[in-house]
Amino acid sequence: MENIKKITDIQQKLIVLIKKFEEKSKQLLECDVDEIANLVNSRQSIIDRIVFLTNEIYRLCDADSLQRLAFENKCDRSSLSDEEKEIFDLRQEFNIYAVRAHNMDSEIIGKIQIQKDKLLLKIKQNNSGVTAKAAKYYNAGLSQGKNLYFPENKRKI
């Protein structure tokens with residue numbers, strides 16, 4: 001009975017975390033390029049915490065116990081006691097948020113790929129043709145007979 005209480009308490013924490021994870025996933029779909037790295041890191045820290053708490057639950061349950069089967073949703077709900085049904089139901093609730101967040105991942109990856117392609121195109125445009133900033137700098141140095149990329153132009157004091 002005591003283990004069941006601990007398990008359900010941890011599951012409540014897991015549900016809070018998976019809701020935060022889903023929210024960070026939604027933010028990734030709407031954020032600017034500059035915010036992507038922070039949101040991805042934030043999601044990873046949430047995942048790390050979820051894994052830690054899930055391992056705590058596994059530590060509290062025997063491998064073949066009804067509690068573990070209920071947590072993994074690998075049993076018939078009607079064969080469980082009321083306390084074990086709570087474990088089963090909390091896992092179902094967790095799974096709802098996890099599936100929704102997982103379904104957003106392909107959209108997130110697509111958005112990041114589009115942003116990457118836009119940035120690469122912008123870099124190519126800035127570094128090609130007569131308008132290229134790097135080419136202007138290099139050509140200005142060559143017209144003065146200097147190689148601006150090597151330290152031979154540095155004066156010694």
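What's counted below: heavy atoms across the whole structure, side chains too, no hydrogens, waters or symmetry copies. Please read all numbers here as calculations on a predicted model, not as lab measurements.
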Quick check: is [Y] connected to [X] through a chain of hydrophobic side chains (ILVMFWY, heavy atoms under 4.5 Å apart)?
X: Val40; Y: Val33; result: no
X: Val16; Y: Phe52; result: no
X: Val51; Y: Leu14; result: yes

Which pairs of donor and acceptor atoms, one on a side chain in residues 90-98, lie under 3.5 Å apart (sequence neighbours left out)?
| unit_1 | atom_1 | unit_2 | atom_2 | d |
| --- | --- | --- | --- | --- |
| Arg91 | NE | Asn95 | OD1 | 3.2 |
| Asn95 | ND2 | Asn73 | OD1 | 3.3 |
| Asn95 | ND2 | Arg91 | O | 3.4 |

Share the residues that join [X] in a hydrophobic cluster, the rule being Ile, Leu, Val, Met, Phe, Trp or Tyr side chains under 4.5 Å apart at the heavy-atom level.
X: Ile109; result: none
X: Leu69; result: Leu66, Leu80, Phe88
X: Ile123; result: none

Qualifying residues under ring pair (Phe, Tyr, Trp, His ring centres under 6.0 Å), relative to Phe21, sequence neighbours excluded: none
Who passes ring pair (Phe, Tyr, Trp, His ring centres under 6.0 Å) against Tyr58, sequence neighbours left out? Phe71
Residue pair Ile47 / Leu17, side-chain heavy-atom distance below 4.5 Å: no
Check whether any side-chain heavy atom of Ser79 lies under 4.5 Å from a side-chain heavy atom of Glu84, and answer yes or no. no
Can you run down the salt bridge (Lys or Arg N to Asp or Glu O under 4.0 Å) pairs that involve [range], sequence neighbours left out, and say none if there aren't any?
range: residues 9-29; answer: Lys5-Asp9, Glu22-Arg100
range: residues 29-43; answer: Arg43-Asp105
range: residues 113-123; answer: none

Can you tell me how far [atom2] of [Y] sits from [atom1] of [X], rounded to the nearest 0.5 angstrom?
X: Cys61; Y: Ile7; atom1: SG; atom2: CD1; value: 3.5 Å
X: Leu29; Y: Glu107; atom1: CG; atom2: CD; value: 5.5 Å
X: Ile15; Y: Ile50; atom1: CD1; atom2: CD1; value: 11.0 Å

For the residue pair [X] and [Y], what are the closest heavy atoms and their distance?
X: Gln27; Y: Leu39; result: OE1-CD2, 3.1 Å
X: Ala101; Y: Ser25; result: CB-OG, 4.3 Å
X: Lys111; Y: Leu28; result: NZ-O, 3.0 Å
X: Ser45; Y: Ser42; result: OG-O, 2.8 Å

Can you list everything that forms a side-chain contact (heavy atoms from CB on, under 4.5 Å) with Ile112? Sequence neighbours excluded, please.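 Testing Ile112 for side-chain contact (heavy atoms from CB on, under 4.5 Å), a comparison that skips the adjacent residues, returns Ile36, Ile108.
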Which residues share a salt bridge (Lys or Arg N to Asp or Glu O under 4.0 Å) with Arg68, sequence neighbours left out: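 Arg68 satisfies salt bridge (Lys or Arg N to Asp or Glu O under 4.0 Å) with Glu72 once adjacent residues are dropped.
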Kindly state each residue pair satisfying side-chain hydrogen bond (donor to acceptor under 3.5 Å, both in side chains) with at least one member in residues 47-56, sequence neighbours excluded. Gln44-Asp48, Glu56-Arg59
List the steps, then state whether side-chain contact (heavy atoms from CB on, under 4.5 Å) holds for Ile87 with Gln11. CA-CA 8 Å; Ile87 294 172; Gln11 282 185 288; 3.6 Å; yes
